[in-house]
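Step one of this worksheet: look at the structure below.
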Amino acid sequence: MRVLEELEAWLADLPDSVQVGIVRELVGRCRELTLRANQLQAELGRRVARVCPRLLSSPGCGVLTAAKIVAEVAGVGWFRSGAALAMHAGMAPLECSSGAWRRHRLRGWATAS
């Protein structure tokens, strides 16, 4: 929002023209969209916190990531095990060893899934 405020202040000092008017209108629209996006993220945060608060407390898992996981999984009870959920999410480690080297990679990276 600070950038939009600075842009509005800069535009206020410019003489009126068609171009300046268009830019002022676009900046106003960007402000509206930013406010709406912030409202939606706050609402999503409240909903996700109600459904799975532990997910939000996981390091690196913010509101949008948690919401995507909740939407994709649609209830952990659908999966027969944690391993089945990991496989569905593309996070199940698959062995890709060669000789003495034992390594694992994620399913999504090992195949085209």
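Model, not experiment: these values are computed from the prediction.
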Let me confirm one number: the [atom1]-[atom2] distance from [X] to [Y], rounded to the nearest 0.5 Å.
X	Y	atom1	atom2	answer
Glu8	Arg31	CD	CZ	4.0 Å
Cys61	Leu55	SG	CG	4.0 Å
Met1	Thr34	CE	OG1	6.0 Å
Arg46	Arg50	CZ	CZ	8.5 Å
Leu35	Leu40	CG	CG	11.0 Å
Asn38	Glu43	CG	CD	13.0 Å

Hydrophobic cluster membership, with links at side-chain heavy-atom distances under 4.5 Å among I/L/V/M/F/W/Y: are Leu7 and Leu26 in one? no
Linked, directly or transitively: Ile69 and Val51 (ILVMFWY side chains, under 4.5 Å): yes
Quick one: closest heavy-atom pair of [X] and [Y], and the distance?
X	Y	result
Cys52	Val70	SG-CG2, 3.3 Å
Val20	Pro15	CG2-O, 3.7 Å
Leu56	Gly45	CD1-O, 4.1 Å
Ala66	Val48	CB-CG1, 3.5 Å

Using a strict cut-off of less than 4.0 Å between a Lys/Arg side-chain nitrogen and an Asp/Glu carboxylate oxygen, indicate whether Arg29 and Glu25 qualify as a salt bridge. no
May I ask you to decide whether Arg36 forms a salt bridge with Glu32, counting only side-chain N to carboxylate O separations under 4.0 Å? no
